[in-house]
Amino acid sequence: MAVNSRISGFKDRSVAERRALVADGAGVAAAALSALDTGGLALDQADHMIENVIGTIGLPLGVATNVTVNGRDHLVPMATEEPSVVAAASNAARIARVHGGFHASGSGPVMIAQIQVVDVIDPYGARNRVLEAREEILALADAQDPVLVRLGGGARDLTARVLPTRAGPQVIAHLLVDVRDAMGANAVNTMAEAVAPALAERAGGRPLLRILSNKADTRLVRARAVFDAELLGGPQVVDDIVAASAFAEADPYRAATHNKGIMNGISAVVLATGNDTRAVEAGCHAHAARDGAYTALSRFEKDRDGNLTGTLEVPMPVGLVGGATRAHPVAQAAIKILGVTSAAELAEVIVSVGLAQNLAACRALAAEGIQHGHMRLHARTIAATAGAAPDEVPRVAERLVRDGKIQEEYARQALASLRGERA
Ligand code: NAD
């Protein structure tokens, strides 16, 4: 079923109405989203996931609207505690929509496992001997995961290099594995452990670490979009976003914050879908420093028509099977809402949302400053923290914004006066 991610007035609806609209828009039965009622994770389920469980922690799950990727609409679930993230992604996606939305592509779901071999007497000879055993090592790796091989995945390549270290030269082998619709950490770790003895024997050394690299640069995903100049606020805003982008490219202090804005979008979807936020974050930041200096992950340029083009390319090791993606009921609901059928498609939506988020932050910074919109939404959190009940939050927040005092103490006073008026 074709999804329409453009739902007008979505933000003004009640939680129940929004959920019904999302179920309808995504073409899923309302019952498929029932896990969202309770935070979605029962104590016994949590107890099976990690150790020493004493409870669960709830986080808001919002849905970004207006997202189109490669001509297909998606309603995008985002789990985050930060106000304005979901609204910003939806607004930026609306601006991109006018010129066809996001266009995304990827390099394929290939992960790298590293095998470290130490105590090697002749490292350069050892490297060659390891590479001569390529076919044998790849076959041994494939034998560990017949399911993956049957699905068209499996070991693809073996590389090796001599790494000079302060502990002497070491031989480092990389096993490249197509992990299909998995994030793949467990899959490739199992393979690395299995091939390490044979590989070290060839090298004439001792196998030490055998684990994936989170610098997943054989699993790159890229997105681009054209953001309409007029909808952004005019030609000056376009020029100022280009200047802001250049600042982030040139300065690591700015780049860290620029990239954090990208991760606001990326991590929220990664978390909502039960994927490993730390793996994705490690990969993205490693990629940002790939040429030696930490820099911006995205680029903004002005096109021939005066519109803004944005591009973002990052490693995106996410899956639809394995880890918590299948074990967590909310992750399952999130995947249904997204309507993606492969890990590659999920990764393309995630990177597109990262670009949308980045554009929204750069636009706010270059135009009115970030605090304007952010503090409006933050006022609601402050109102709730000050003790306002859900039906009191909007009016208290409104008063904080109107009086320009978004502070907890003032929220307490505003709440007391509101209750006084009502009494
Ligand atoms: P997994 O082992 O649970 O699932 C992958 C397996 O599922 C494959 O090996 C395959 O046998 C099977 N499978 C079934 N259908 C498949 C399909 N369509 N495509 C691919 N495989 C399919 O999980 P995983 O994805 O290998 O590992 C992910 C987990 O590893 C995450 O929970 C992550 O947090 C964790 N982890 C991460 C790191 C790290 O990032 N450094 C290290 C260790 C573990």
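The shown structure was predicted, so the numbers you read here are calculated from the model rather than taken from an experiment. Numbers for residues simply follow the sequence, beginning at 1. Both ligands and their constituent atoms are indexed starting at 1 by order of listing.
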Engineer: Report the part of V179 (side chain from C-beta onward, or backbone N, CA, C, O) that has a heavy atom under 4.0 Å from ligand 1; answer both or neither where that applies.
Structural biologist: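 The backbone, only.
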Engineer: With atom 16 (C) of ligand 1 as the reference point, say which of V149, L151, L212 has the nearest heavy atom.
Structural biologist: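 It is L151 whose heavy atom sits nearest to atom 16 (C) of ligand 1.
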Engineer: Identify the protein heavy atom lying closest to atom 12 (C) of ligand 1, giving its residue, its atom name and the separation to 0.1 Å.
Structural biologist: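 Protein heavy atom at minimum distance: V147 CG1, 4.1 Å.
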Engineer: Determine, for R219 against D217, whether the closest basic-nitrogen to carboxylate-oxygen distance falls under 4.0 angstrom.
Structural biologist: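 Salt bridge absent between R219 and D217.
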Engineer: Nearest heavy atom to atom 3 (O) of ligand 1: which of A327, G184, G322, G319 does it belong to?
Structural biologist: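 That would be G322.
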Engineer: Are the side chains of F10 and L21 in contact, using a 4.5 Å heavy-atom criterion?
Structural biologist: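 Counting from C-beta outward, L21 and F10 do come under 4.5 Å.
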Engineer: Identify whether the distance between the nearest side-chain nitrogen and carboxylate oxygen of D228 and R97 falls below 4.0 Å.
Structural biologist: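 Result for this pair is no, no salt bridge flagged.
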Engineer: Measuring from atom 33 (C) of ligand 1, which candidate in N186, D276, V321 has the nearest non-hydrogen atom?
Structural biologist: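 Result: the heavy atom closest to atom 33 (C) of ligand 1 is in D276.
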Engineer: Can you tell which of S342, G323, A282 gets a heavy atom nearest to atom 32 (O) of ligand 1?
Structural biologist: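 Result: the heavy atom closest to atom 32 (O) of ligand 1 is in G323.
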Engineer: Using a strict 4.0 Å threshold on nitrogen-to-oxygen distance, state whether R19 and D37 make a salt bridge.
Structural biologist: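 So R19 pairs with D37 through a salt bridge.
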Engineer: At under 4.0 Å between heavy atoms, which part of V188 makes contact with ligand 1: side chain, backbone, both or neither?
Structural biologist: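 Within the 4.0 Å criterion, V188 makes no contact with ligand 1.
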Engineer: Is the shortest distance from a Lys or Arg side-chain nitrogen in R254 or E249 to a carboxylate oxygen in the other one below 4.0 Å?
Structural biologist: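 No.
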Engineer: Within the supplied structure, the quantity of interest is the number of heavy atoms (other residues, nucleotides, ligands) at a distance under 6.0 Å from Q45 CD; does it exceed 12?
Structural biologist: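 Atom CD in Q45 is crowded, with more than 12 foreign heavy atoms closer than 6.0 Å.
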Engineer: Backbone, side chain, both or neither: what part of T190 comes under 4.0 angstrom of ligand 1, heavy atoms only?
Structural biologist: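 Near ligand 1, T190 shows nothing, with every heavy atom at 4.0 Å or more.
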